[in-house]
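Encoded as structure tokens, the structure appears first; notes follow it.
Counting starts at 1 for both ligands and their atoms, following the listed order.
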Amino acid sequence: MIVLGIESSCDETAAALVNEKKEILAETVLSQEEHKLYGGVVPEIAARAHLNHIEDIIEHTFRKAGLEPKDLDAVAATSGPGLIGGVVVGVMAAKALAFALNKPFVAVNHLEGHALVARLTNGVEYPYLLLLVSGGHCQILVVKGVGRYERLGTTIDDAAGEAFDKVAKMLGLGYPGGPMIEKSAAAGNENRFVLPHPLRGSDDCNMSFSGLKTAVRKIIESYGNDDNIEHVILPQKDVADICACFQKTAAECLTEKTARAADYFRRRYPEGKHLVVAGGVAANGYLRQKLMTLAEDKGLIFAAPPVRWCTDNGVMIAWAGLERFAEGLTDGLDFKPRPRWPLDENAPKAAGAGGVKA
Ligand code: KG4
Ligand code: ZN
């Protein structure tokens with residue numbers, strides 16, 4: 001069984017071919033450089049860049065695998081959530097191929113791509129506890145099966161990746177911010193500034209990053225009297241210290257709520273073995289280390305996909321598509337791309353308002 005996966009929901013144009021033996025037959029990822037100038041992804045520029053590159057990316061992926069479109073069993077594409085212009089480009093390409101080949105089309109939720117990829121890369125089995133941390137989402141879920149999620153907690157404001165990106169922008173470190181902050185933090189003193197832990201101790205698994213970001217802003221503002229903090233130039237050592245303190249605090253916020261969720265998961269799903277982290281922020285080595293220690297404390301096995309499959313890629317979409325296809329979950333060519341698409345939409349609600357009481 002061979003499935004093509006197409007990803008185009010943000011600023012990566014990507015395609016991959018995977019099979020049911022968990023073999024990655026080929027993959028191609030093009031990270032759009034066009035946005036660097038703007039300090040963030042510009043949706044219209046992204047959509048045009050996807051349009052310009054998608055055919056080449058798909059062709060290149062087939063060539064690398066030594067396969068032809070007729071070898072496919074199904075065609076999957078990120079069909080939401082995401083920047084709708086880009087999503088439409090990927091969905092249209094996938095539908096056109098599916099139609100021409102008379103093969104099924106699978107509409108993949110981008111978050112499900114992140115959520116399931118550790119099953120391919122790390123052999124994780126259902127059910128598992130998942131911390132999903134990307135540029136647009138920050139959630140703790142129990143993954144029970146394809147399309148079957150119990151959401152235990154979520155951010156009530158910014159996503160973790162968004163906070164990394166905004167702090168990096170304030171410090172003039174460029175986009176995407178996460179890797180730049182991690183790099184700078186390596187030379188910093190993580191105990192120099194005391195930053196707030198929003199929602200620490202709240203009786204649920206929800207998270208918040210907006211106050212943390214504001215606290216960083218205040219520190220930066222204290223260095224200058226320019227209203228535009230992007231004009232404030234900080235000594236490199238101070239930038240490194242701020243990055244280290246922010247990274248430490250963000251990782252603590254994530255880890256503390258994951259710990260609470262792990263207690264619930266162990267009680268409610270005693271057969272579950274794994275704590276998985278996924279999404280772009282899961283590429284962060286500091287966070288991975290903290291979560292590994294947490295998993296050991298809670299008697300869980302820690303699993304994080306290799307870094308290149310944490311950030312957006314085609315493999316995760318091909319794999320989620322393959323899992324869906326294997327369960328007979330295909331979609332019609334009339335499937336409408338969805339800018340918003342909660343992962344747990346059809347799942348039973350977690351106990352307690354706003355998340356599980358753990
Ligand atoms: O999953 P992803 O590639 O795209 C979305 O679905 O949003 O995640 C992108 C996010 C960005 O916010 C980026 O700054 C963050 O992941 N990120 C990181 C690291 N690498 C990427 N955050 C912290 N540390 C990293 N090493
Ligand atoms: Zn993503």
Side-chain angles (χ1 to χ4, degrees), residues 5-14 16 29-32 35-36 39-41 43 46 50 77-84 86-87 90 108-118 130-139 155 158-171 173-186 188 190 209 212-213 216 243-244 246-255 276-291 304-320 339-343:
I6 299 172
E7 160 59 32
S8 60
S9 66
C10 193
D11 56 345
E12 263 86 27
T13 317
V29 181
L30 176 79
S31 292
Q32 299 174 359
H35 309 283
K36 286 222 154 82
V41 180
H50 287 304
T78 295
S79 304
L83 302 175
I84 196 64
V87 174
V108 171
N109 182 316
H110 179 83
L111 301 175
E112 182 154 76
H114 281 304
L116 301 188
V117 74
L130 171 71
L131 173 64
L132 201 170
V133 270
S134 70
H137 296 85
C138 182
Q139 303 176 356
T155 178
D158 293 349
E162 200 179 343
F164 271 89
D165 293 336
K166 286 178 178 168
V167 166
K169 192 169 183 194
M170 288 187 236
L171 290 167
L173 293 177
Y175 181 87
M180 310 304 284
I181 293 215
E182 181 171 13
K183 200 166 158 215
S184 174
E190 65 176 31
F209 293 95
L212 177 55
K213 183 188 67 191
V216 171
C243 286
F246 168 75
Q247 179 176 262
K248 174 190 166 203
T249 311
E252 282 171 357
C253 292
L254 292 166
T255 310
V276 174
V277 64
V281 183
N284 186 283
Y286 185 94
L287 176 65
R288 288 163 88 105
Q289 195 56 49
K290 292 266 177 229
L291 290 169
V307 165
R308 64 180 302 177
W309 295 309
C310 289
T311 47
D312 289 348
N313 62 85
V315 169
M316 68 185 198
I317 303 305
W319 176 253
R340 290 185 177 278
W341 189 359
L343 196 48

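Among the atoms of H137, no N, O or S atom falls under 2.8 Å of the Zn ion (ligand 2). H114 lies close to the Zn ion (ligand 2), since one of its N, O or S atoms is found at a distance under 2.8 Å.
With hydrogens and angles disregarded, no donor-acceptor distance shorter than 3.5 Å links the side chain of E12 to the backbone of E7. Looking at H50, its side chain does come within 3.5 Å of a backbone N or O of C10 through a donor-acceptor pair. Judged purely by atom type and a 3.5 angstrom limit, D165 uses its side chain to pair as donor or acceptor with the backbone of G177. Between the side chain of T78 and the backbone N or O of S8 there is no donor-acceptor pair closer than 3.5 Å. Side chain of R340 to backbone of P81: no donor-acceptor contact under 3.5 angstrom is found.
The closest approach between a heavy atom of P179 and any atom of ligand 1 is below 4.0 Å. Close to ligand 1: H114, with a non-hydrogen atom less than 4.0 angstrom away.
Near T311, the atoms of ligand 1 lying under 4.0 angstrom from a non-hydrogen atom of the residue are 3 (O), 21 (C). Shown in contact with H110 at under 4.0 Å from a heavy atom are these atoms of ligand 1, numbered in order with element: 6 (O). Close approach of ligand 1 to G161 (heavy-atom distance below 4.0 Å) involves ligand atoms 12 (O). For ligand 1, the atoms lying closer than 4.0 Å to a non-hydrogen atom of G135 are 5 (C), 7 (O), 8 (O), 9 (C), 10 (C), 12 (O).
Taking each of D165, N313, L287, V281 in turn, the one with a heavy atom nearest to atom 12 (O) of ligand 1 proves to be D165. Relative to atom 18 (C) of ligand 1, the option among A160, P176, G178, G82 with the closest non-hydrogen atom is G178.
When all heavy atoms are compared, the tightest approach of P339 to I84 is CD-CD1, 3.6 Å.
For the pair G280 and ligand 1, the shortest N or O to N or O distance falls below 3.5 Å.
A distance of 12.5 Å separates CG of D158 from CZ of F164, quoted to the nearest 0.5 Å.
The closest approach of D312 to the Zn ion (ligand 2), by N/O/S atoms, is made by OD1.
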